[in-house]
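Data first, discussion second: the structure below is written as structure tokens.
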Protein chains: 2
Amino acid sequence: MFTLSEENYLKAIYHLELDTDKGVSTNAIAEKLETKASSVSDMIKKLSDKKVIIYKKYKGVTLTELGKKTAANIVRKHRLWEVFLVEKLNFSWDEVHEVAEQLEHIKSPKLIDQIDAFLGFPTHDPHGDPIPDKEGNLKTVDKSLLSTLLKNESGICIGVDDSSSEFLQFLDKKGITLGKKITILDKEEFDNSLSILIGEKKLSISNKIANNLYIKKS
Amino acid sequence: MFTLSEENYLKAIYHLELDTDKGVSTNAIAEKLETKASSVSDMIKKLSDKKVIIYKKYKGVTLTELGKKTAANIVRKHRLWEVFLVEKLNFSWDEVHEVAEQLEHIKSPKLIDQIDAFLGFPTHDPHGDPIPDKEGNLKTVDKSLLSTLLKNESGICIGVDDSSSEFLQFLDKKGITLGKKITILDKEEFDNSLSILIGEKKLSISNKIANNLYIKKS
DNA sequence: AATTATTTTTAGCCTTGTCTAAATATTATT
DNA sequence: AATAATATTTAGACAAGGCTAAAAATAATT
């Protein structure tokens, strides 16, 4: 079994590993967890002893199979709880993260299985992120950042990269939600802003926004 | 805010205080939490500093109003989660305690309010224990131990004293569930066992069982 | 009232997880 | 290749929460 702190480290390493092919650096973990590199160094030794990461001094860490499975299971719980909060308890998608951060550490296989069934075995969380299956496998969808679409291309909004509540509330205000069809009407060279059609509405979208919205091209 | 450990101490003191009119002793707390008296002594100082208990050396402790409210809120969460597990996730009443012990520490006022509403504002948990309201008030029902009923008296089974899974599974096996009507057919002087009528069935019940079942006389 | 038994507290130590400051490796730059 | 900059680890400290063993206070008995 893993402590709360160990679980949080595993999750951080899991997420960081998705963004790189090399080992995950001490500093990267420290930054993600808002802690100090020295603390990370200490924890790395513990996790290495527990056979969930491979660790060579000064060379960064990689999750073992056991580590990956353990981390994926925590992510699975996090995302299932997020779905539960939105679908059953009327939370909005910008409110769920903090609570799910707590709920993901509840230890009860039956609980999470039942939640999964209760929700009808969802495949994605409210931000469009895929929910790992029980074995820890993620089904990867081919998604593109809105900013990479060309003029006159279109697709369905399927996820966000940044899921801070500020960004999500901004999207709500603009009427941008998962499942909506988006068409690029025009691209502005000067500041890389976009003119898009979403539903019936025309909107102007900054590059920053376009860099945080995932689209499934159609 | 309170730590996990502080919350568990508050809850223990809260429960122990219901059984006595005097202060709660260090030893009693230690026994309830399966820890050592010296650890309790340490924690008592911390809780006293935080103004949730009144503490006079060697004299036992009493919850302050703040302490009572805090503890009642944890109990409220515990019992609401138990209802949720049984009503929505197909847990049986002997499986819920352990998971609720974890869930009761989740910090999110909105979450527990929504769970409450989702469940239709239940007043009692699956073992018949009352759920404190938001202000921490318990509505006390007048309940009698089955063992105190006289021959030919009858009532409705409304709760259990011992909620260990062994006892609850025993009750399941015998078909004894909350809400059922029970009539005392006979009392055996020798071993204080009872002959009862529950639903259509006649059962013989030991004194130990009868001392752990609450009845609302009718 | 004096002595014994029990309860409670104190003192000192341990583990987990964190930190700062200093030392050491590695990487980048001239 | 030598030096500067950055990243990482080590050493030592601290707080929370727990423990054992010993001391002190209270309660029970004779």
Side-chain angles (χ1 to χ4, degrees), chain A residues 1-14 16-17 19-63 67 70-71 74 101-102 104-105 107, chain B residues 1-14 16-17 19-63 67 70-71 74 101-102 104-105 107:
Chain A
M1 256 330 77
F2 298 93
T3 65
L4 178 64
S5 198
E6 287 169 344
E7 289 196 347
N8 283 330
Y9 273 91
L10 282 174
K11 191 164 52 108
I13 296 166
Y14 178 86
L16 290 167
E17 217 174 42
D19 296 339
T20 177
D21 45 351
K22 291 175 292 185
V24 177
S25 77
T26 302
N27 259 6
I29 300 170
E31 193 183 1
K32 182 132 208 163
L33 293 177
E34 296 181 321
T35 181
K36 301 296 168 176
S38 56
S39 308
V40 176
S41 258
D42 287 344
M43 181 58 88
I44 281 175
K45 280 169 214 148
K46 291 172 199 161
L47 292 176
S48 189
D49 289 346
K50 288 199 169 184
K51 314 286 186 200
V52 283
I53 60 176
I54 304 288
Y55 165 58
K56 279 280 197 302
K57 269 188 194 172
Y58 295 97
K59 295 299 176 190
V61 300
T62 341
L63 290 171
T70 307
I74 300 164
E101 287 282 302
Q102 300 178 60
E104 72 190 4
H105 300 291
K107 282 161 183 70
Chain B
M1 256 327 80
F2 298 93
T3 66
L4 178 63
S5 198
E6 287 169 344
E7 289 196 349
N8 283 330
Y9 272 91
L10 282 174
K11 191 164 53 107
I13 296 166
Y14 178 84
L16 289 167
E17 218 173 42
D19 297 339
T20 178
D21 45 350
K22 291 176 293 187
V24 177
S25 78
T26 302
N27 261 6
I29 300 170
E31 192 183 3
K32 182 131 208 166
L33 292 177
E34 294 179 322
T35 183
K36 302 294 168 178
S38 55
S39 307
V40 176
S41 258
D42 288 344
M43 182 57 88
I44 280 175
K45 281 169 214 150
K46 291 172 199 162
L47 292 176
S48 189
D49 289 347
K50 288 198 168 184
K51 314 283 186 204
V52 282
I53 60 176
I54 303 290
Y55 164 58
K56 278 280 198 303
K57 270 188 192 173
Y58 295 96
K59 295 298 176 192
V61 301
T62 341
L63 291 172
T70 307
I74 300 164
E101 287 282 301
Q102 299 179 59
E104 72 189 4
H105 300 291
K107 283 162 183 69

| query | Just to confirm, is there a sub-4.0 Å distance from OP1 or OP2 of D:dG17 to any side-chain nitrogen or oxygen of B:Thr3? | reply | yes
| D:dA7, D:dG17, C:dT20: which one has an atom nearest the side-chain heavy atoms of B:Ser5? | D:dG17
| field | Nearest-0.5 Å distance, CG of residue A:Leu33 to NZ of residue A:Lys11 | value | 8.0 Å
| said: As a test of reading the structure: which of C:dT9, D:dA27, D:dT8 is closest to the side chain of A:Tyr58, going by heavy atoms? | reply: D:dT8
| said: Once you apply a heavy-atom cut-off of 4.0 Å, does B:Lys45 come out as touching a base, just sugar-phosphate, or nothing? | reply: sugar-phosphate
| request: Name the nucleic acid region contacted by B:Thr26, choosing base, sugar-phosphate or nothing; use a 4.0 angstrom heavy-atom cut-off, strictly under. | output: sugar-phosphate
| task | For A:Lys107 and A:His105, indicate whether the former's side chain and the latter's backbone hold a donor-acceptor pair under 3.5 Å. | result | yes
| message | Which nucleotide wins on minimum distance to the side chain of A:Met43, given the candidates C:dG17, D:dT26, D:dT8? | response | C:dG17
| message | D:dA16, OP1 or OP2 - any side-chain N/O from B:Lys46 closer than 4.0 Å? | response | no
| remark: Value for CD1 (B:Ile13) from CD1 (B:Ile44), rounded to nearest 0.5 Å, stands at 6.5 Å
| query | Could you state the OH-P distance from A:Tyr55 to D:dA7, rounded to the nearest angstrom? | reply | 16 Å
| When only distance counts, do a donor and an acceptor, one from the side chain of B:Ser25 and one from the base of C:dT8, lie under 3.5 Å apart? | no
| Are B:Asn27 and C:dT6 close enough that a side-chain N or O sits under 4.0 Å from OP1 or OP2? | no
| Would you find more than 12 non-hydrogen atoms of other residues, nucleotides or ligands less than 6.0 Å from A:Lys36 atom NZ? | no
| query | With respect to the phosphate group of D:dG18, does any side-chain polar atom (N or O) of B:Ser39 fall under 4.0 Å of OP1 or OP2? | reply | no
| field | Given A:Ile53, A:Leu16, A:Leu47, the one that forms side chain to side chain contact (heavy atoms under 4.5 Å, CB included) with A:Leu63 | value | A:Ile53
| message | So if I take every side-chain heavy atom of A:Ser38 and compare against C:dT10, C:dT18, C:dA21, which nucleotide ends up nearest? | response | C:dA21
| Given that B:Gly60 and A:Lys36 both sit by DNA chain C, which one's nearest nucleotide is further toward the 5' end? | B:Gly60
| query | Is the phosphate of D:dT10, meaning OP1 or OP2, less than 4.0 Å from a side-chain N or O of A:Lys57? | reply | yes
| query | Any side-chain N or O of B:Tyr9 less than 4.0 Å from the OP1 or OP2 oxygen of D:dG18? | reply | yes
